Amino acid sequence: MAYLAAATRQAGHDVSVADALGENVKKYTPIDGEEGLLRQGIDNAAVVELIEDKVEVIGVSCMFSQEWLFTRDLINRIRKKFPHATIVAGGEHITALPEYTLKDCPALDVCVLGEGEQTFVDLLEALTIGHELEEVNGLCIRHGDGFTRTTSRKRLRQIDDLPWPAWDLVPLESYLNEGVMPGVNLGRSMPLLASRGCPYKCTFCSNPGMWGTLWRSRDAEEVFREMRHYMKEYGATNFDFYDLTAIVNRKWIVDFCRIIIESGVEITWQLPSGTRSEVIDEEVTKLLYDSGCRFASYAPESGSPEILEKIKKKVTKPRMLDSMRYARSNGLSIKANMILGFPGETWFNVLETYHFILQMAWIGVIDISVFPFSPYPGSALFQQLHDKGKIKLGDPYFFSLLHYYTKPKEVSSYSENFTQTQLLYLRLIGMSLFYGVSFLLRPIRIWRLVRNVRRGMPGSKLENSLILILKKRQELKALNALNNQVAQAD
């Protein structure tokens, strides 16, 4: 959103940002009907009140489909207060299901598909001069009871031409002070993007539809210049790279690391979103650490060659393990992301994944997540399951995506060979194997875990997650106590 705001402002439009999370990062509110699930930030009614009265166009972001029901409610509230404004939505969910989104939310006028900066600016220009929106590439437009998709927009190739995110329009200090970041809490953390797109076509990923397979990197010097600016402007000490696949080009990452090292600045940075291993060898991992990189997520997804081929992951286990060994020997804290329950996955495939999990624990991988397979709208596997009638779009489906976080026993299994309950226990076994072997081989990790959680100073993703869970429970406990006091007073 900060990128969109910057592009809109650069084009000469007045723009403001209503940031539901940033307005009150400490606020956690229980969600009706979803026990254990909390909404962080202000509610939708409060978001609407932040929107300026004279607004003409309102853009709403919906990146993930589990957020759609709440985003739909927000759009409906916006329409009620601003009946004459043009309401536009964008993001991964919107790009994956534009016609469904428009049909499901009559208050919405236009969907922006894919990268939004140039498309949104062109849309505003068309509205300003009175041109038909059909002339703007990259849109899905409501026409009465029907919908029209305009010509697809080509990917941005010169991403260095984009203005830096308009962080001055959001309550940035809330994020910096509260340690809101996807990786390990290493200090005042700013988000960064050094590239866009991913050249791979994993069948469980929605990237090809949203960002495309054209991978484009920014100039390494320009990325570092942005980092230096945030250090000076906001006191940033750590940088979280949100890239889909940050390390694709070996020359780029080597040049980037050397720029930081030669500058002499003392910073940390991390790759929490998941990276590939092809170019991360012994030399690269040393450069990563020497330049300040302290945490990186790997995304092998499965330990079964058969499953890796089916999902078009394009990785080899020996190469992945070698890269992890180099990373650990050079001081990097690393995490691995695994998935169980792919369509067609068998018990033997799971055993192969368990073996790979044990290998990672043996070589010293610090953390692991074993997720259930969840079909992302916009991915090839989602489309296959939808075409077979195994997914029916509607409120129950979107609510089921929330169970991914709150009701693991109710997470749907899309593998013909496992029930929901079996999938839950398969994941628990995978996690137990990893941490059991890891702590057995390195008992000092138990002491560090307890110490760091008590101090609130995480050194790994597991510790970071435990600290956040305890914090949220304290917030919820305080909220419940306050509600009880109010009820007794009434």
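Bear in mind that the values here come from a model prediction, so they are computed numbers and not experimental data. Hydrogens, waters and symmetry mates are skipped; everything else that's a heavy atom, side chains included, is used.
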Self-check item: Cationic N near anionic O, under 4.0 Å, Asp290 to Lys286
Solution: yes
Practice problem: Mark yes when over 12 heavy atoms from residues, nucleotides or ligands other than Glu266 sit less than 6.0 Å from its CD; otherwise mark no. | Solution: no
Quiz item: Between Glu23 and Pro171, which heavy-atom pair has the shortest distance, and what is it?
Solution: N-CG, 3.8 Å
Self-check item: Carboxylate-amine/guanidinium proximity below 4.0 Å for Glu117 and Arg196
Solution: yes
Quiz item: Would you call the rings of His386 and Phe382 parallel, tilted or perpendicular if under 30° counts as parallel and over 60° as perpendicular?
Solution: parallel
Quiz prompt | Distance-only polar pair, side chains of Ser323 and Tyr298, donor-acceptor under 3.5 Å | solution = yes
Practice problem: Evaluate the ring-ring contact (aromatic ring centres under 6.0 Å, His included) criterion for residues Tyr376 and His93: first the C-alpha distance (whole Å), next the side-chain angles of each, then the deciding distance (0.1 Å), finally the verdict. | Solution: CA-CA 9 Å; Tyr376 278 53; His93 168 81; over 10 Å; no
Practice problem: Using distance alone, with no hydrogens and no angle criterion, decide if Trp347 and Gln422 have a side-chain donor and acceptor under 3.5 Å apart. | Solution: no
Quiz prompt | Side-chain touch Thr419/Ser413, heavy atoms, less than 4.5 angstrom | solution = no
Quiz prompt | Main-chain N/O of Phe371 paired to Ser369 side chain as donor or acceptor, under 3.5 Å | solution = no
Practice problem: For Tyr435 and Asp367, test the side chains for any donor-to-acceptor distance below 3.5 angstrom and give the result as yes or no. | Solution: yes
Self-check item: Ile339 CD1 to Asn337 CG distance, which is reported to the nearest 0.5 Å
Solution: 8.0 Å
Quiz item: Are the side chains of Arg216 and Leu156 in touch, meaning some heavy atoms are under 4.5 Å apart?
Solution: no
Quiz item: What are the two closest heavy atoms between Ala336 and Met360, and how far apart are they?
Solution: CB-SD, 3.6 Å
Exercise. Consider only side-chain N and O atoms of Trp269 and Ser291, and report whether a donor and an acceptor are under 3.5 Å apart.
Key: yes
Quiz item: What is the minimum heavy-atom distance between Ala361 and Ser438, and which atoms define it?
Solution: CB-N, 4.2 Å
Quiz item: Do Tyr3 and Trp164 get their side chains close enough for a donor-acceptor pair, meaning under 3.5 Å?
Solution: no
Quiz prompt | Ser415-Glu345 side chain donor-acceptor pair, cut-off 3.5 Å | solution = no
Exercise. Could you tell me whether the side chains of Trp215 and Asn249 share a donor-acceptor contact shorter than 3.5 Å?
Key: no
Quiz item: Hey, what do you get for OH (Tyr289) to CG (Asn330), rounding to the nearest 0.5 Å?
Solution: 9.5 Å
Quiz item: Do Val350 and Tyr354 have side-chain heavy atoms sitting under 4.5 Å apart?
Solution: yes
Quiz item: What distance separates Leu358 CG from Ile363 CD1, expressed to the nearest 0.5 Å?
Solution: 12.0 Å
Quiz item: Between Lys26 and Glu178, is there a salt bridge with N-O shorter than 4.0 Å?
Solution: yes
Quiz item: Between the main-chain N or O of Ile94 and the side-chain N or O of Trp68, is there a donor-acceptor pair closer than 3.5 Å?
Solution: no
Quiz item: If you draw a 6.0 Å radius around CZ in Phe439, do more than 12 non-hydrogen atoms from other residues or ligands fall strictly inside?
Solution: yes
Quiz prompt | Any Ile280 side-chain heavy atom under 4.5 Å of Leu288 side chain | solution = yes
Self-check item: Reported OG-to-CD1 distance for the pair Ser195 and Ile247, which is rounded to 0.5 angstrom
Solution: 10.0 Å
Quiz item: So, for Met338 and Pro300, which heavy atoms are closest and what is the spacing to 0.1 Å?
Solution: SD-CG, 3.4 Å
Quiz item: For residues Tyr175 and Asp19, is any side-chain donor paired with an opposing acceptor at under 3.5 Å?
Solution: yes
Quiz item: Are Asp395 and Arg72 close enough, and set up right, to give a salt bridge (Lys or Arg N to Asp or Glu O under 4.0 Å), and what steps lead you there?
Solution: CA-CA 11 Å; Asp395 287 10; Arg72 184 183 65 189; 3.0 Å; yes
Quiz item: What's the verdict on side-chain contact (heavy atoms from CB on, under 4.5 Å) for Thr71 and Phe64, showing C-alpha distance, side-chain angles and the deciding distance?
Solution: CA-CA 10 Å; Thr71 305; Phe64 303 106; over 6 Å; no
Quiz item: Should the pair Tyr234 and His229 be assigned to parallel (<30°), tilted (30 to 60°) or perpendicular (>60°) ring geometry?
Solution: perpendicular
Quiz item: Where the side chain of Ser189 meets the backbone of Gly187, is there a donor-acceptor pair that is under 3.5 Å apart?
Solution: yes
Quiz item: Mind checking whether Asp240 and Leu192 have side chains closer than 4.5 Å, heavy atoms only?
Solution: no
Self-check item: Check: Lys201 main-chain N/O paired with Lys314 side-chain donor or acceptor under 3.5 Å
Solution: no
Self-check item: Considering all heavy atoms, the nearest Phe295-Pro272 contact
Solution: CE2-CA, 3.9 Å
Practice problem: Taking atom types as modelled, find out whether Thr203 and Lys310 have a side-chain donor-acceptor pair closer than 3.5 angstrom. | Solution: no
Quiz item: Does the side chain of Asp281 reach to within under 4.5 Å of the side chain of Arg250, using non-hydrogen atoms?
Solution: yes
Practice problem: Determine, for Arg258 against Asp255, whether the closest basic-nitrogen to carboxylate-oxygen distance falls under 4.0 angstrom. | Solution: no
Quiz item: Is there a side-chain contact between Lys335 and Val365 (heavy atoms, below 4.5 Å)?
Solution: no
Quiz item: In terms of side-chain heavy atoms, does Asn177 have a donor or acceptor partner in Arg188 at a distance below 3.5 Å?
Solution: yes
Practice problem: Keeping the roles fixed (side chain from Gln40, backbone from Val25), state whether a donor-acceptor pair exists under 3.5 Å. | Solution: yes
Quiz prompt | side-chain contact (heavy atoms from CB on, under 4.5 Å) evaluation trace for Arg225 with Glu222 | solution = CA-CA 5 Å; Arg225 191 166 73 87; Glu222 177 69 4; 3.2 Å; yes
Self-check item: Verdict with reasoning, Arg319 to Glu278, per salt bridge (Lys or Arg N to Asp or Glu O under 4.0 Å)
Solution: CA-CA 7 Å; Arg319 181 68 190 85; Glu278 284 79 1; over 6 Å; no
Quiz item: If you measure only the distance, is there a donor-acceptor pair under 3.5 Å linking the side chains of Arg39 and Asn44?
Solution: yes
Self-check item: Side-chain donor/acceptor of Thr316 to backbone N/O of Pro318, under 3.5 Å
Solution: no
Self-check item: Short side-chain to backbone donor-acceptor contact, Thr353 and Gly303, under 3.5 Å
Solution: yes
Practice problem: Report yes or no: does Arg427 contribute a side-chain atom to a donor-acceptor pair with the main-chain N or O of Met431 at less than 3.5 Å? | Solution: no
Quiz item: Is the backbone of Glu282 close enough, under 3.5 Å, to the side chain of Thr285 for a donor and an acceptor to pair up by distance?
Solution: yes
Self-check item: Straight-line distance of Asn238 CG to Met231 CE, nearest 0.5 Å
Solution: 11.0 Å
Exercise. Answer yes or no: does atom CD of Glu309 have more than 12 heavy-atom neighbours from other residues, nucleotides or ligands under 6.0 Å?
Key: no
Quiz item: Closest approach of Glu352 and Pro305, non-hydrogen atoms and distance?
Solution: OE2-CD, 3.7 Å
Quiz prompt | No-hydrogen, no-angle side-chain donor-acceptor test under 3.5 Å, Thr346 and Asn349 | solution = yes
Quiz item: Atom CD1 in Ile260, atom CD1 in Ile267: separation rounded to 0.5 Å?
Solution: 4.5 Å
Quiz item: Should Arg325 and Asp322 count as side-chain neighbours, where that means a heavy-atom distance under 4.5 Å?
Solution: yes
Quiz item: Is a side-chain donor-acceptor pair under 3.5 Å present for Ser333 with Arg294?
Solution: no
Practice problem: Determine the interplanar angle of the Phe241 and Phe256 rings, folded into 0 to 90°, and report it as parallel if under 30°, tilted if 30 to 60°, perpendicular if over 60°. | Solution: perpendicular
Exercise. Look at the side chain of Ser400 and the backbone N and O of Tyr397, then say whether any donor-acceptor pair between them is shorter than 3.5 Å.
Key: yes
